[in-house]
Participant: 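Sharing a structure, written as structure tokens. Questions coming.
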Amino acid sequence: MKKARVGVLISGRGSNLKALVEAARGPDYPAEIVCVVSNRADAAGLDFAAANGIAIRVIDHKAYPTRETFDQALHDHLVSQKIEIVALAGFMRILSPAFVAAWAGRMLNIHPSLLPAYRGLDTHARALGDGAKVHGCTVHLVTEGLDEGPVLLRAEVPVLAGDTPETLAARVLKEEHRLYPRALAMLARQLQAKTST
Ligand code: GRF
């Protein structure tokens with residue numbers, strides 16, 4: 001079966017990107033990571049992608065007068081790479097309604113909380129502050145509302161006595177790296193099933 005062509009958008013470290021790239025090496029994995037785009041030239045994930053033979057592109061949001069013109073450049077690049085699925089992996093930009101509409105049902109995001117709890121930033125500190133006993137991560141389809149789209153998969157981790165935001169983040173991140181490749185494969189298979197019927 002033809003592998004879905006995936007573009008990954010990052011802004012930083014890129015550990016989820018790495019997990020996706022490693023999973024996509026499997027011969028039966030239904031998607032391939034074709035390109036990586038970062039809005040920041042200093043994103044460490046770009047080095048990993050380049051070292052692994054993946055096309056990289058920096059599209060600096062500061063070079064564009066508006067969110068819409070930046071998003072258009074992003075969109076044009078993804079289209080030029082014949083991308084079928086967009087995976088947000090620590091991409092720290094809010095996307096415009098037009099961009100979200102263009103990729104509806106074909107764009108996913110990983111978020112470090114059990115959505116709908118703790119949308120937005122500082123999820124681990126907020127969960128600890130609330131005395132949460134269980135925390136985790138979610139992969140969801142991207143819609144206009146921040147961290148609001150339909151959930152594809154979630155993974156739970158326990159909150160342990162003595163946890164700090166850092167120890168909790170590390171426990172969640174390990175699960176993110178298992179969850180994101182599974183969710184991407186799920187979406188790729190769903191889209192393939194749709195186009196082959
Ligand atoms: C992850 O915690 C992810 O859930 C959130 O941003 C972080 C990105 O980390 N959206 P990395 O760049 O993938 O290492």
Side-chain angles (χ1 to χ4, degrees), residues 6-25 31 33-52 54 56-61 71 74 85-95 99-100 103 106-129 132 134-159 163-187:
V6 176
V8 183
L9 308 190
I10 65 169
S11 297
R13 181 174 58 182
S15 70
N16 279 289
L17 162 69
K18 185 164 180 255
L20 294 176
V21 169
E22 282 168 358
R25 288 198 182 114
I33 311 304
V34 172
C35 72
V36 173
V37 184
S38 173
N39 63 310
R40 297 180 53 127
D42 62 355
L46 287 172
D47 300 334
F48 170 81
N52 283 271
I54 298 168
I56 59 170
R57 174 66 63 97
V58 175
I59 304 180
D60 181 354
H61 59 278
D71 284 4
L74 202 55
I85 297 177
V86 177
L88 307 183
F91 185 64
M92 300 303 285
R93 300 285 306 163
I94 290 173
L95 293 161
F99 187 94
V100 172
W103 295 95
R106 300 185 297 143
M107 177 157 59
L108 66 183
N109 179 44
I110 185 150
H111 183 75
S113 78
L114 294 172
L115 290 173
Y118 309 118
R119 295 182 173 122
L121 298 174
D122 299 325
T123 57
H124 310 301
R126 286 157 61 204
L128 284 176
V134 179
H135 188 46
C137 50
T138 305
V139 178
H140 64 97
L141 289 172
V142 177
T143 55
E144 262 189 54
L146 185 68
D147 303 324
E148 268 185 12
V151 169
L152 292 174
L153 290 174
R154 304 198 304 169
E156 294 185 352
V157 303
V159 179
D163 260 340
T164 62
E166 291 73 28
T167 59
L168 185 53
R171 195 174 307 121
V172 171
L173 192 64
K174 243 179 141 171
E175 288 306 315
E176 293 186 35
H177 297 160
R178 289 153 43 94
L179 194 71
Y180 211 177
R182 283 178 50 213
L184 175 61
M186 207 173 103
L187 181 66

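Counting convention: from 1, in listed order, for ligands and their atoms alike. In what follows, every heavy atom counts, from backbone to side chain, and hydrogens, waters and symmetry copies are set aside.
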Participant: Should you measure from each heavy atom of G14, which atoms of ligand 1 turn up under 4.0 Å away?
Facilitator: 11 (P), 12 (O), 13 (O), 14 (O)
Participant: Taking all non-hydrogen atoms of both residues, which atom of A31 and which atom of V6 are closest, and how far apart?
Facilitator: CB-CG2, 3.7 Å
Participant: Which heavy atom of the protein is the closest neighbour of atom 10 (N) of ligand 1, given with residue, atom name and distance?
Facilitator: I110 O, 2.9 Å
Participant: Is there a donor-acceptor pair under 3.5 Å between the side chain of R171 and the backbone N or O of V159?
Facilitator: no
Participant: For H135 and L128, what are the C-alpha separation, side-chain angles and deciding distance, and is it a side chain to side chain contact (heavy atoms under 4.5 Å, CB included)?
Facilitator: CA-CA 9 Å; H135 188 46; L128 284 176; over 6 Å; no
Participant: Should we count CZ of R93 as having more than 12 external heavy atoms under 6.0 Å?
Facilitator: yes
Participant: Identify, for atom 9 (O) of ligand 1, the protein heavy atom at the shortest distance, and state residue, atom and that distance.
Facilitator: R13 NH2, 3.1 Å
Participant: Picking from L17, I54, V37, V58, what satisfies side chain to side chain contact (heavy atoms under 4.5 Å, CB included) with L46?
Facilitator: V58
Participant: Measure the distance from atom 6 (O) of ligand 1 to every protein heavy atom, then report the residue, atom name and distance (to 0.1 Å) of the closest one.
Facilitator: G90 CA, 3.6 Å
Participant: Which residue and atom name correspond to the protein heavy atom nearest atom 1 (C) of ligand 1, and how close is it?
Facilitator: E176 OE1, 3.1 Å
Participant: Could you tell me whether N16 and ligand 1 have an N or O pair separated by under 3.5 Å?
Facilitator: yes
